[in-house]
Structures are given as structure tokens and as C-alpha cells.
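These numbers were taken from a predicted model, which means no experiment stands behind them.
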Amino acid sequence: MLHQIIRSDIQEMTAYSVADAPSSCIKLDAMEMPYRYPEELKARLGRLLAEAPENLYPNPAASGLQEALRQAFGISDKADIALGNGSDELIQLLTLLVAKPGAKVLALEPSFVMYRHNAKLFGLEYIGVPLNEDFTMNLPAVLSAIETHQPALVFVAYPNNPTGVCFKREEVQALVDAAPGIIVVDEAYGAFSGDSFLPQAGSRSHLVVMRTLSKIGFAGLRIGYAAGHSLVMRELAKIVPPYNMNQLSLAAAKFALQNRAWIDRHIDILKQERSRLSEAFSDLGMKVFSSEANFITVKVNDAVKVFETLRQNNILIKKLHGTHPLLEQCLRITVGTPEQNDAVLNVLKNITTSILKPN
């Protein structure tokens with residue numbers, strides 16, 4: 001009976017899978033910050049959260065978090081800021097915003113799976129434009145697809161996930177100039193990159209720049225934000241659930257932004273470790289794709305074997321093999337602490353070159 005009531009297309013979908021990892025596992029599969037607050041900051045945060053009015057509904061618009069984000073990241077006064085329960089909620093709401101009959105969503109492939117997922121969820125046609133084999137953008141193909149399909153919504157992950165490659169700024173700008181509808185520059189990993197469109201937020205009516213606190217140490221808070229022109233953001237505000245945030249996350253996020261030095265110091269460490277790991281992976285014979293994120297994507301000869309060997313050694317990474325044709329024999333490894341990264345390298349050094357080095 002229920003299968004006749006529930007939408008058939010949803011029944012055919014697959015739920016987003018979150019790996020179940022034991023607490024003892026070195027978890028390098030989800031691009032989380034491997035560092036936690038020192039005891040002094042934990043104690044201060046604990047006292048702050050104890051004062052948060054958990055008995056009252058939150059008012060995100062009056063929380064002060066938007067202004068804290070504006071000050072911390074140099075967001076122009078021309079831009080309005082929307083808060084989301086993680087970037088995932090904002091991706092969903094932006095897709096819902098344009099979900100009219102015949103509307104299309106365009107994104108690059110492979111990229112963040114939720115772009116495609118939400119397009120299908122809301123009944124929009126999804127256009128995926130393949131990247132080049134080295135995961136760079138095929139700009140002529142993307143521009144041609146935009147011209148042909150006239151998408152209502154374009155998503156560009158900058159840097160891209162799951163590849164880590166950051167497209168050329170002038171290429172992304174060309175997409176902004178060509179997009180007939182809303183274009184979202186998703187900078188979830190922007191803190192680890194050398195460039196950003198965030199300063200341009202509010203300058204173009206159809207440009208939305210999206211970021212998150214998840215990758216810089218606070219994935220558990222579920223705080224995403226989008227900055228854009230009031231013409232779009234006013235309409236987005238109409239479909240944001242009235243209490244989509246919570247008092248504790250709002251308070252903790254403001255606290256985090258007041259302690260930017262801790263965040264910046266650990267971002268710098270991870271960027272240094274990213275360089276060290278990239279060089280070490282290359283020395284082992286793996287094909288390493290240039291990354292400006294907090295993870296590294298590599299290609300090997302036997303991704304399943306490498307993945308399972310690491311898992312047997314209590315190290316969890318992401319196996320991309322089998323998820324997209326361009327990702328065959330690819331793995332994604334989150335950059336961890338120096339000690340965690342050494343553990344990965346120690347395991348890989350004991351794997352024969354014929355398994356690591358792609359054909």
C-alpha cells in the first residue's frame with residue numbers, strides 16, 4: 001500500500017550514505033577538521049552555551065551571526081546573508097526556489113552529488129557537463145550547455161568536490177557572465193584556496209556565493225551561509241524555515257568567529273600537510289590531482305585494494321571508484337594531523353608499487 005503512496009522516483013533513489021566508523025578509527029573520509037578546541041576554549045564555549053536560551057525559539061535574523069560573518073569574511077554591505085542548517089539546506093532551498101515546470105539545473109561532473117539529488121527531488125531536469133580527464137573545466141562545453149539548455153540554476157563548486165581541483169577564476173567568471181538564471185559559486189572549501197568570489201557577492205543580481213563553517217572545524221554545528229543580491233535573497237528568505245537554526249549552534253558559531261586565530265592557525269597547518277602529502281603520494285607512484293581543498297584526490301591502479309588495506313589498518317578514506325566514469329580507480333583522502341597523515345603513509349609504503357601506480 002505505502003509503495004503506491006510514496007513517489008516512485010523517490011523509491012528509486014538511494015539515501016546519502018554516511019560511513020559508520022568506530023571512535024578509534026582515523027577518519028579521513030569526510031573532509032572534517034581533525035583538530036578540536038584546547039581545554040581553555042572548550043571551557044569558555046561550555047559556559048557560553050550554558051547561558052543560551054534553549055527554552056526559546058531561535059531568531060537567526062536577530063542572532064548577530066550574519067554581522068559576525070560579514071566582519072570576519074569581508075562580505076559587502078551590498079549583499080544579504082542567508083543562514084542554513086549546513087550548506088545542504090541552502091542547496092536544497094535554492095533548488096526549490098527555481099523549481100518550475102521545465103526548469104533545468106546545470107552543474108559540472110563529477111561534483112557534489114547533492115546538486116543532482118535536489119534537482120531530481122524537485123522535478124527539475126539535471127544537466128551534468130563532464131570535466132576534462134584531469135578534472136579541469138571544459139569551458140567551451142559548459143558555455144555551450146548553458147546556451148543550449150538555458151538553466152534556471154547553475155552550481156559551480158570552487159574548489160571542486162570530490163576532485164579538489166580549483167578552476168581558473170576567469171573560467172568561473174565566464175560562467176557568471178553567461179548564466180541566464182541564478183549561479184551559485186559553492187565555496188565550501190574556500191578557506192583552503194587562494195581565491196574567492198565572496199567579495200563580489202551582492203554586485204550581480206544573479207550571483208550567490210555559498211560557504212560553510214563545516215570545513216574549518218565546526219561540521220557538528222551545521223552552519224552554512226549564502227551571500228547574494230537582495231533580489232534573490234529576499235525571495236529565498238520566504239522559503240527558509242522560520243526556525244531552521246538552533247540556539248546552541250548560533251551561539252557556538254559566533255564564538256568560533258571571535259576566535260579566528262585558532263581557525264587560521266590550523267588551516268595553515270592543514271595546507272602545509274596537504275603539500276607534504278601530495279609530494280609523498282606522488283613519490284609512491286600515485287597520480288595526484290592538484291588540490292586547493294582540505295583533501296587530496298589520487299588515482300591508483302587498484303582503488304579497492306588500497307581502500308581495503310587502509311581500512312584494515314583502521315584508517316577510513318573515501319573510495320570514489322565506481323561513482324562516476326571519470327573517477328575510476330580514484331580515492332579521496334582528507335588531510336589529517338601530521339600524525340594521522342604519517343599513519344596513512346606508513347600503510348601505503350607497504351603496498352606494492354603495482355597497486356599504487358596507475359596504468
Side-chain angles (χ1 to χ4, degrees), residues 16-39 41-42 86 112-113 159 161-164 188-189 191-192 212-222 262-263 265-323 327 329-353 355-358:
Y16 190 92
S17 178
V18 178
D20 185 15
S23 59
S24 61
C25 179
I26 297 177
K27 192 173 181 297
L28 302 176
D29 67 319
M31 294 85 74
E32 296 146 322
M33 169 80 80
Y35 297 100
R36 296 194 63 194
Y37 279 150
E39 292 305 317
L41 286 180
K42 285 182 182 179
F112 188 37
V113 296
N161 170 33
T163 67
Y189 303 91
F192 301 91
T212 178
L213 299 190
S214 294
K215 310 308 175 185
I216 60 174
F218 310 101
L221 298 185
R222 310 307 300 131
W262 183 89
I263 297 173
R265 181 167 67 255
H266 290 91
I267 288 174
D268 287 342
I269 292 172
L270 292 179
K271 289 165 72 173
Q272 293 169 16
E273 284 295 294
R274 181 181 66 193
S275 297
R276 181 173 77 94
L277 275 180
S278 295
E279 183 176 349
F281 291 158
S282 181
D283 289 344
L284 289 170
M286 306 160 79
K287 182 175 181 180
V288 180
F289 295 95
S290 177
S291 174
E292 288 196 32
N294 65 338
F295 61 86
I296 301 168
T297 297
V298 298
K299 187 172 186 177
V300 297
N301 189 45
D302 190 339
V304 174
K305 179 66 174 178
V306 175
F307 174 82
E308 291 296 341
T309 302
L310 285 166
R311 189 165 68 170
Q312 289 164 11
N313 284 271
N314 210 30
I315 300 171
L316 182 64
I317 64 170
K318 181 70 173 181
K319 177 166 61 68
L320 301 175
H321 177 73
T323 62
L327 294 171
Q329 303 302 341
C330 285
L331 301 163
R332 187 187 66 198
I333 305 167
T334 302
V335 179
T337 66
E339 295 76 18
Q340 291 174 331
N341 299 332
D342 286 341
V344 172
L345 292 175
N346 288 335
V347 173
L348 294 178
K349 287 173 183 176
N350 291 315
I351 299 177
T352 60
T353 302
I355 293 175
L356 293 178
K357 188 173 183 179

task: Identify the heavy atoms of S24 and N314 that sit nearest to each other, and give their distance.
output: O-ND2, 2.9 Å

- prompt: Which heavy atom in I26 sits nearest to a heavy atom in A343, and how many Å separate them?
  reply: CD1-CB, 3.8 Å

- prompt: Any side-chain heavy atom of V300 within less than 4.5 Å of one from L331?
  reply: yes

Under the side chain to side chain donor-acceptor pair (under 3.5 Å) test, residues paired with T297 that sit two or more places apart: none

message: Measuring from atom CG of N313 to atom CD of E308, what distance do you get when rounded to the nearest 0.5 angstrom?
response: 11.5 Å

task: Give a yes or no on whether the backbone of P159 and the side-chain of E292 come within a donor-acceptor separation of less than 3.5 Å.
output: no

query: Should we count CZ of R36 as having more than 12 external heavy atoms under 6.0 Å?
result: no

query: Is a salt bridge present between R276 and D342, judged by a nitrogen-to-oxygen distance below 4.0 Å?
result: yes

query: To the nearest 0.5 Å, how far apart are NZ in K287 and NZ in K357?
result: 12.5 Å

query: How about Q329 and P358: do any of their side-chain heavy atoms sit closer than 4.5 Å?
result: no

message: I want to check something: taking the side chain as every heavy atom from C-beta on, are L348 and I351 in contact at a cut-off of under 4.5 Å?
response: yes

message: Return the NE2 to CD distance between H266 and E273, rounded to the nearest 0.5 Å.
response: 12.0 Å

Any L356 side-chain heavy atom under 4.5 Å of V306 side chain: yes

- prompt: At what distance, to the nearest 0.5 angstrom, does CG of L327 lie from CZ of R332?
  reply: 9.5 Å

query: Is there a donor-acceptor contact under 3.5 Å from the side chain of D302 to the main chain of I355?
result: no

- prompt: Got L270 and P34 here, is their nearest side-chain heavy-atom distance under 4.5 Å?
  reply: yes

field: Rounded distance (nearest 0.5 Å) linking atom CG of L320 with atom CD1 of I333
entry: 9.5 Å

field: Test item: side-chain donor near acceptor, S291 and R274, under 3.5 Å
entry: no

- prompt: What pairs meet the ring pair (Phe, Tyr, Trp, His ring centres under 6.0 Å) rule with one or both residues in residues 268-312, with sequence neighbours excluded?
  reply: F135-F289, Y189-F295

- line: For A280 and L345 the tightest heavy-atom approach is CB-CD2, 3.7 Å

task: Take atom NZ of K42 as the centre, draw a 6.0 Å sphere, and report whether it contains more than 12 heavy atoms from other residues, nucleotides or ligands.
output: yes

- prompt: Where do K27 and E32 land on the side-chain contact (heavy atoms from CB on, under 4.5 Å) test, with the steps shown first?
  reply: CA-CA 9 Å; K27 192 173 181 297; E32 296 146 322; 3.1 Å; yes

- prompt: What heavy-atom pair brings S278 and I296 nearest, and what distance separates the two atoms?
  reply: OG-CD1, 3.4 Å

Minimum heavy-atom distance K215-A30, with the two atoms named: NZ-O, 3.9 Å

field: Beyond-backbone contact of I216 with I267, side-chain heavy atoms, under 4.5 angstrom
entry: yes

- prompt: Above 12 or not: heavy atoms from other molecules or residues under 6.0 Å from NZ of K318?
  reply: no

Gap between atom OG1 of T353 and atom CG of L284 - 0.5 Å precision: 7.5 Å

query: Would you find a donor on one side and an acceptor on the other, under 3.5 Å apart, between the side chain of N294 and the backbone of M31?
result: yes

message: Looking at every non-hydrogen atom in both residues, tell me the closest pair between V304 and H321 and how far apart they are.
response: CG2-CD2, 4.0 Å

message: A side-chain contact here means heavy atoms from C-beta on lying under 4.5 Å apart; do T334 and D29 qualify?
response: no

task: Decide if atom CD of E279 counts as having more than 12 heavy atoms of other residues, nucleotides or ligands within a radius under 6.0 Å.
output: no

